[in-house]
Novice: 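Handing you a structure now.
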Amino acid sequence: KLQAVLFDLDGVITDTAKYHFTAWKQMAERIGIEIDSEFNESLKGIERMQSLERILIHGQQEHKYTQEEKERLAQQKNDEYVALLASLTPEDTYPGIKELLQQLRDNGIPAVIASASKNAPLILDALQLRDYFHAIVDPSGIPGKPQPDIFLKAAEQAGADPSCCIGVEDSQAGIEAIRAAGMYAVGIGEENILGPFGADIVYASTRELSLQKLLAAANLE
Ligand code: G6P
Ligand code: MG
């Protein structure tokens with residue numbers, strides 16, 4: 001029986017994945033590194049400093065900066081990102097999400113945020129969705145996706161058995177993390193991008209999500 005639904009945030013609850021991409025792209029351009037949307041798939045779900053490392057490796061600049069300089073670059077990216085979040089309103093919640101959260105609440109099934117982002121509380125407040133979540137996992141100090149830890153922590157906070165949880169993700173690293181946690185992995189996006197990473201089912205849009213469909217797909221009725 002389904003015990004909890006664990007949600008990634010960026011690219012699942014709302015379209016902030018595009019703001020992460022914009023902010024990283026601008027930062028990378030300033031240091032002469034080009035990033036395209038295909039490379040960006042490998043950044044999704046990855047913690048901030050780790051993302052910067054990947055970008056530097058991509059541009060063959062991994063030995064160029066001191067730790068302090070790297071922290072400054074990551075800070076610049078985050079400032080730009082947070083500025084982009086300023087326009088976020090409840091209308092920016094992806095279609096079908098609020099309905100699904102309401103169905104979960106009506107059925108007493110906890111929803112938990114399992115995101116690598118330190119900006120998760122800020123975003124959930126801007127969307128006015130915070131009350132729908134039983135918990136927001138604090139990602140600091142735990143191994144990032146594709147390691148299973150964030151999802152395992154989310155299950156633990158919901159008091160749920162991992163094998164009775166569904167994880168919802170738009171990123172390759174996140175899908176891997178859900179599977180490594182022994183949970184049912186729902187992808188939001190494209191089958192050819194998320195399928196190879198182990199997604200059990202992929203929906204093109206959050207519009208297609210419903211509790212009934214999830215229960216049937218995951219065989220957790
Ligand atoms: C999520 C996003 C990543 C982002 C990471 C850290 O996993 O998918 O693109 O880098 O969170 O976010 P933060 O807001 O803490 O920089
Ligand atoms: Mg995401």
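In listed order, ligands and their atoms are each counted from 1. Numbers here are sequence positions counted from 1.
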Novice: Could you tell me if Asn78 and Asn119 have a donor-acceptor pair between their side chains, going purely by distance under 3.5 Å?
Specialist: yes

Novice: Is a side-chain donor-acceptor pair under 3.5 Å present for Gln212 with Ser210?
Specialist: no

Novice: Could you verify whether a donor N or O on one side chain and an acceptor N or O on the other, from Gln67 and Glu71, lie under 3.5 Å apart?
Specialist: yes

Novice: With heavy-atom distances below 4.0 Å as the criterion, list the atoms of ligand 1 near Lys118.
Specialist: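 Here the atoms of ligand 1 in question are 13 (P), 14 (O), 15 (O).
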
Novice: Name all residues meeting the salt bridge (charged side-chain N to carboxylate O under 4.0 Å, His left out) criterion together with Asp15; count only those two or more places apart in sequence or in a different chain, and write none if there are none.
Specialist: Lys18

Novice: Name the closest protein heavy atom to atom 1 (C) of ligand 1, giving the residue it belongs to and the distance to 0.1 Å.
Specialist: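 It is Asp10 OD2, 3.3 Å.
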
Novice: For the 3.5 Å polar cut-off, considering only N or O atoms, please tell me whether Lys44 and ligand 1 meet it.
Specialist: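 Not met; the criterion fails.
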
Novice: Please list, in number order, the atoms of ligand 1 under 4.0 Å from a heavy atom of Ser51.
Specialist: 10 (O)

Novice: Run through the protein N/O/S atoms less than 2.8 Å from the Mg ion (ligand 2) and write them out by chain and number.
Specialist: Asp8 OD2, Asp10 O, Asp170 OD1

Novice: Do any nitrogen or oxygen atoms of Ser117 come within less than 3.5 Å of a nitrogen or oxygen of ligand 1?
Specialist: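 In this structure, Ser117 places an N or O atom under 3.5 Å from an N or O of ligand 1.
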
Novice: Identify the protein heavy atom lying closest to atom 3 (C) of ligand 1, giving its residue, its atom name and the separation to 0.1 Å.
Specialist: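 For atom 3 (C) of ligand 1, the nearest protein heavy atom is Ile46 O, 3.6 Å.
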
Novice: Look at atom 16 (O) of ligand 1 and say which protein heavy atom is nearest, naming residue and atom and giving the distance to 0.1 Å.
Specialist: Arg48 NE, 2.7 Å

Novice: Relative to the heavy atoms of Gly45, which atoms of ligand 1 are at a distance of less than 4.0 Å?
Specialist: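 Contacts of ligand 1 toward Gly45, numbered from 1: 2 (C), 3 (C), 7 (O), 8 (O).
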
Novice: Indicate yes or no: at least one non-hydrogen side-chain atom of Arg54 is less than 4.5 angstrom from one of Ser42.
Specialist: yes

Novice: Among all protein non-hydrogen atoms, which one is nearest to atom 9 (O) of ligand 1, and what is the separation to 0.1 Å?
Specialist: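 Ranked first by proximity to atom 9 (O) of ligand 1 is His20 CG, 3.6 Å.
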
Novice: With a cut-off of 3.5 Å and sequence neighbours excluded, list every side-chain donor-acceptor pair involving residues 176-204.
Specialist:
unit_1: Arg179; atom_1: NH1; unit_2: Gly198; atom_2: O; d: 2.7
unit_1: Tyr184; atom_1: OH; unit_2: Ala217; atom_2: O; d: 3.3
unit_1: Asp200; atom_1: OD2; unit_2: Ala185; atom_2: N; d: 2.8

Novice: Do Tyr132 and Gln102 have side-chain N/O donor and acceptor atoms under 3.5 Å apart?
Specialist: yes

Novice: Please identify which atoms of ligand 1 are closer than 4.0 Å to at least one heavy atom of Asn119.
Specialist: 13 (P), 14 (O)

Novice: Applying salt bridge (charged side-chain N to carboxylate O under 4.0 Å, His left out), name anything that partners Lys77, two or more places apart in sequence or on another chain.
Specialist: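 Result, salt bridge (charged side-chain N to carboxylate O under 4.0 Å, His left out) vs Lys77: none returned.
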
Novice: For the pair Asp8 and Lys44, find out whether any cationic side-chain nitrogen is under 4.0 Å from an anionic carboxylate oxygen.
Specialist: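 No, this pair does not count.
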
Novice: Salt-bridged, Lys70 to Glu53, with N to O below 4.0 Å?
Specialist: yes

Novice: Check whether any side-chain N or O of Ser51 sits under 3.5 Å from a backbone N or O of Ile46 as a donor-acceptor pair, and report yes or no.
Specialist: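 Pair found, side chain donor or acceptor close to backbone of Ile46.
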
